Student: 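Got a structure here, written out as structure tokens. Questions coming.
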Amino acid sequence: MDEKIVLTDESGETITLYAVEETRVAGVNYLLAADEEGDGSCYILRDISQAEDLDAIYEMVEDEDELDYLCHIFKELVEDIDLEY
């Protein structure tokens, strides 16, 4: 996948991430993204966009139970990655 994603935080700073994998769980789209191509820190993002939004809107998943559950799913989808949080 390795698609580049640029996020803007509340203070206006931009963060560039690379999409590694995506999945849909219980009607919600999730994205596994890394801060570097190849090895790097990974983040799990939840798509909070509405149908009328022109661009996707993501927020970082911070709930530990949700992260644990999603890490297991992404480990199955991307076999050559070691996810830790």
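Note that the structure is predicted; figures quoted are calculated from it, not measured.
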Student: Transitively linked via ILVMFWY side-chain contacts under 4.5 Å: Ile48 with Leu70?
Tutor: no
Student: Less than 4.5 Å apart, side chain to side chain, heavy atoms only: is that true for Thr16 and Ile5?
Tutor: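 Contact flag for Thr16/Ile5 side chains = no.
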Student: Can you establish whether the number of heavy atoms outside Glu13 located under 6.0 Å from its atom CD is more than 12?
Tutor: no
Student: Taking C-beta and beyond as the side chain, do Cys71 and Ile44 meet within less than 4.5 Å on heavy atoms?
Tutor: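 In short, these two side chains touch, coming nearer than 4.5 Å.
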Student: Is it true that Tyr69 and Glu64 share a donor-acceptor pair across their side chains at a distance under 3.5 Å?
Tutor: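 The criterion, which ignores hydrogens and geometry beyond distance, is not satisfied for Tyr69 and Glu64.
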Student: Between Leu45 and Val61, is any pair of side-chain heavy atoms under 4.5 Å apart?
Tutor: no
Student: Could you tell me if the side chain of Leu77 sits less than 4.5 Å from the side chain of Thr23, heavy atoms only?
Tutor: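 Answer yes - side chains close enough.
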Student: Using atom types as modelled and distance alone, determine if a side-chain donor or acceptor of Asp53 lies under 3.5 Å from a backbone N or O of Ala56.
Tutor: no
Student: Is it true that, when you exclude Glu52 itself, more than 12 heavy atoms of the residues, nucleotides or ligands shown sit nearer than 6.0 Å to its CD?
Tutor: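 Yes - once you tally the heavy atoms of other residues, nucleotides and ligands closer than 6.0 Å, there are more than 12.
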Student: What's the separation between atom CZ in Phe74 and atom CD in Glu22, rounded to the nearest 0.5 Å?
Tutor: 8.5 Å
Student: Going by heavy atoms in the side chains, are Leu17 and Val6 under 4.5 Å from each other?
Tutor: no
Student: Would you kindly confirm whether Ile57 and Val28 end up in one hydrophobic cluster when ILVMFWY residues are joined by side chain heavy atoms under 4.5 Å apart?
Tutor: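 No: no chain of side-chain contacts under 4.5 Å links Ile57 to Val28.
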Student: Measuring only between side-chain heavy atoms, which start at C-beta, is Tyr43 closer than 4.5 Å to Leu32?
Tutor: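 They are not in side-chain contact.
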Student: Test your reading of the model: is there a side-chain donor-acceptor pair from Asp35 to the backbone of Ser41, 3.5 Å cut-off?
Tutor: yes
Student: So Met60 and Arg46, do their side chains get closer than 4.5 Å, heavy atoms only?
Tutor: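 Sidechains of Met60 and Arg46: no contact.
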